[in-house]
Protein chains: 2
Amino acid sequence: MSTYKDLQRLTGLSLATISKYYNGRSVLAANARAIEEAAATLDFRPNTIARNLRSGRSRTVGVLLPDLNSSFYLSILAGIELRLRQRGVSMLICADHSAEGGVGDAVRELAGRMVDGVITVPTERAAPGLRELVARGTPIVMMDWIVEGLEADAVILDNQHAGAMAIQQLIDRGHRDIAYIGGNGSPTLIARGEGVRAQLALRGRPVREEYLAAPDLSVEGARAAMQRFLMLEDRPTAVFCATDLLSVGALIALNESGLRVPQDMSFIGFDMSSLARLTTPALDTISQRIDEIASTAADLMLARLGPHPSRDPITVTMSADYHAGGSVATLRERESV
Amino acid sequence: MSTYKDLQRLTGLSLATISKYYNGRSVLAANARAIEEAAATLDFRPNTIARNLRSGRSRTVGVLLPDLNSSFYLSILAGIELRLRQRGVSMLICADHSAEGGVGDAVRELAGRMVDGVITVPTERAAPGLRELVARGTPIVMMDWIVEGLEADAVILDNQHAGAMAIQQLIDRGHRDIAYIGGNGSPTLIARGEGVRAQLALRGRPVREEYLAAPDLSVEGARAAMQRFLMLEDRPTAVFCATDLLSVGALIALNESGLRVPQDMSFIGFDMSSLARLTTPALDTISQRIDEIASTAADLMLARLGPHPSRDPITVTMSADYHAGGSVATLRERESV
DNA sequence: CTGAAAGCGCTTACAG
DNA sequence: CTGAAAGCGCTTACAG
């Protein structure tokens, strides 16, 4: 790797002038050409690490996620990467691995690498570290759920509404015995569950505890939960799943059981994008516009890194969409809403 | 952020001693305790950037992928992240975005950030940059396909065999008119296609060009390709898809057509993991052990970063597995192999 | 516009 | 074991 010193040797210019050139400040045209020539000869590229150390900015944003095991997180990563790269900002990825425990403090790891900001789907575990970062003036953007009391921007889904929307649809189609596979692992899932329960109550449907499952957020967890529903004396006529992995697991159990969707069981999934069309009939799903969430989060961060960041934290709330498929059967006559 | 100087103020020790402590070299027990106390008070954490600059090692590995739009890449990321984090190595992610063009040279970006090594699913576009890195002595590990002439470790699939295996299965089950949705975008796909053609030829089955499609590597590309197959005068009795996205797209088109799998069309997909069980019947697939590929790649990299790297490049070739489902119909009597 | 000098926060020989 | 000094490759005021 060649350095400014090598350019200095070839051009006779000072380090300060070379630095100015590489920072886009004005330099005599002749000098600029000389630097470009020398750089081409040497195959020179400025050392980002040194730049960062001296300037105190790394043009790198940390992306901290609970794990990397769902397509939800992948889509988020892809969306953020695209937006940040357009603006010359790099991305350092950390998975929190809360489950494993003791993998070290991901947030402090990011801090030690001088990231200019952190975009995160936060976990309980990460919260204290995020507070420290905010105290130090590092901008944070939260996605998916909000750490209470953290002064930071956020992009979240109206999760209560997302949950309620699924139940409303099922009730409108005549369902009464509705099962729900959700979870208590995060405020996001709790809110979706609240939406479910509230809507059931509102429409006078029984909230039967044996129809509510909160398994591990995994394909196998949901598969087992669905299997339990299917063994009930009076099994539900419809099931709603609160995440993509849970949807996949529940559907696998349904397929294994030999029951048909929607004749024997109606189904509403969550966030399955193109997978919803993988089955016959296609699935009804509740879904978020993940690309929009990611790009909004990236934009909020870029604004914070820019010259005139706004003072107050901004929370963007997005609403989920209902994608109709053919996986919900209409029982009896359709109720009026 | 506090620094060594602050620790020096609180402990009276020299910077050299503090540095020794943080690099795990021996320090008097009393001094170690003093440093720990001061660090706790100050909430100190060594600045990784400064460390990197001075030591010339960043304990960061660049991960360079063509894009971030497939679950194949996500699984690879997840596997690598897990292994690297266990060893205290961070991961800087770049998507090459070859398609968009002009997004800047991802490889040089990584070089400027002083990554200790690069793990990559290479693209044509990245090849020259990777050569430069090798010339500079930066270790590279390639996954999925090999850039010819690059002195670097690699973990690849026996793609010819993967392609041949699918065709063999279909022929064994009595199929003759076999369609293939693949692509020419990468040596990986070309090799899978060669395996397909070779096996068809070997078993005396016609290689009909109208049964071969090489669409964009996208869900929509495969959907369109499948739709064209279905409009053929004598449509094929079976289709094999060479990637996960292509499989999803083809299956969507099949569902939309109203044809049943496997009665009207047999289907073999690629790399669908749990998605293969999403449908009734479950899908037959060819799949790679992605976790193993990722962890092998990470281990090869960690070995290169360790104290005694081997001299010669290592190529690990893995073989694909056949996962039986119920998406292949048996026509006529089963042939002997 | 340009250059000389100091310094970002560490690590690294080198003495002691 | 410890400490004083130089330096990693840049950027940043400050003069000129």
Side-chain angles (χ1 to χ4, degrees), chain A residues 1-35 38-39 42-60 88 90 108-116 136-138, chain B residues 1-35 38-39 42-60 88 90 108-116 136-138:
Chain A
M1 290 284 277
S2 42
T3 69
Y4 277 13
K5 278 192 183 160
D6 300 305
L7 293 181
Q8 185 173 38
R9 208 163 20 80
L10 293 197
T11 63
L13 293 165
S14 74
L15 301 178
T17 302
I18 298 169
S19 172
K20 279 188 66 182
Y21 172 78
Y22 279 107
N23 287 286
R25 302 205 280 126
S26 52
V27 166
L28 288 184
N31 291 339
R33 271 224 317 287
I35 293 172
L42 294 169
D43 192 28
F44 171 80
R45 178 181 178 94
N47 182 315
T48 309
I49 298 278
R51 264 179 140 146
N52 295 348
L53 177 59
R54 186 53 232 259
S55 67
R57 301 181 322 135
S58 62
R59 293 201 68 69
T60 301
S90 291
R108 309 198 70 203
E109 153 84 21
L110 290 173
R113 288 181 182 267
M114 293 181 70
V115 294
D116 293 339
R136 282 181 185 166
T138 306
Chain B
M1 290 287 275
S2 42
T3 69
Y4 278 11
K5 278 192 183 160
D6 300 305
L7 293 181
Q8 186 173 38
R9 209 164 20 80
L10 293 196
T11 63
L13 294 165
S14 74
L15 300 178
T17 302
I18 297 170
S19 172
K20 279 189 66 182
Y21 171 79
Y22 279 106
N23 287 286
R25 303 205 282 126
S26 52
V27 168
L28 288 185
N31 290 340
R33 272 225 316 288
I35 293 171
L42 295 168
D43 192 29
F44 171 80
R45 177 179 180 94
N47 182 315
T48 308
I49 298 278
R51 265 180 139 147
N52 296 349
L53 176 59
R54 187 53 233 257
S55 67
R57 301 182 323 135
S58 62
R59 293 201 67 70
T60 301
S90 292
R108 308 198 72 201
E109 153 84 21
L110 291 173
R113 289 182 181 267
M114 294 180 69
V115 294
D116 293 337
R136 282 180 185 166
T138 306

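Since we're looking at a predicted model, the values are computed, not measured. Just so it is clear: chains get the letters A, B, ... in the order the sequence lines come, proteins before strands, and each one is counted from 1.
- Side-chain N or O atoms of A:Thr11 include none that pairs as donor or acceptor with a backbone N or O of A:Ala34 at under 3.5 Å.
- At least one side-chain nitrogen or oxygen of B:Thr17 sits closer than 4.0 Å to the OP1 or OP2 atom of D:dG3.
- As a whole-Å value, the separation of B:Asn23 CG from D:dC1 P is 14 Å.
- Summarising the geometry, the separation between CD1 on A:Ile18 and P on D:dT12 is reported as 16 Å, rounded to the nearest angstrom.
- Residue A:Ser55 places its side chain closer to D:dT11 than to any other of D:dC8, D:dT11, C:dT12.
- In this structure, CG of B:Leu15 is placed 14 Å from P of D:dA6, rounded to the nearest angstrom.
- In this structure, A:Phe44 reaches the sugar-phosphate backbone alone: every heavy-atom distance under 4.0 Å involves primed, P, OP1 or OP2 atoms, never a base.
- Remark: DNA chain D takes part in the stems C:1-3 with D:14-16, C:5-12 with D:5-12, C:14-16 with D:1-3, each of 3 or more antiparallel Watson-Crick or G-U pairs, criterion distances under 3.5 Å.
- Look at CZ on B:Arg25: it is 10 Å from P on C:dT11, rounded to the nearest Å.
- The nearest whole Å value for the distance from the NZ atom in B:Lys20 to the P atom in C:dC14 is 16 Å.
- At a non-hydrogen distance threshold of 4.0 Å, nothing from residues 109-116 of chain A comes into contact with DNA chain D.
- Atom CZ of B:Arg57 is separated from atom P of C:dT11 by 10 Å (rounded to the nearest Å).
- In this structure, NZ of A:Lys5 is placed 17 Å from P of C:dG3, rounded to the nearest angstrom.
- Using a distance-only test at 3.5 Å, with no hydrogens or angles considered, a donor-acceptor pair links the side chain of A:Thr48 to the main chain of B:Gly112.
- For the pair B:Leu13 CG and D:dA4 C1', the interatomic distance rounds to 14 Å; values are reported in whole Å.
- OP1 or OP2 of C:dT11 lies within a sub-4.0 Å distance of a side-chain N or O belonging to B:Tyr4.
- Taken residue by residue, residues 46-54 of chain A places heavy atoms nearer than 4.0 Å to DNA chain D at A:Pro46, A:Asn47, A:Ala50, A:Arg51, A:Arg54.
- B:Asn47 places a side-chain N or O within donor-acceptor distance of the main-chain N or O of B:Ile49, the cut-off being under 3.5 Å.
- Among the atoms of the strands shown, only primed sugar atoms or phosphate atoms (P, OP1, OP2) are found under 4.0 Å from some heavy atom of A:Thr3.
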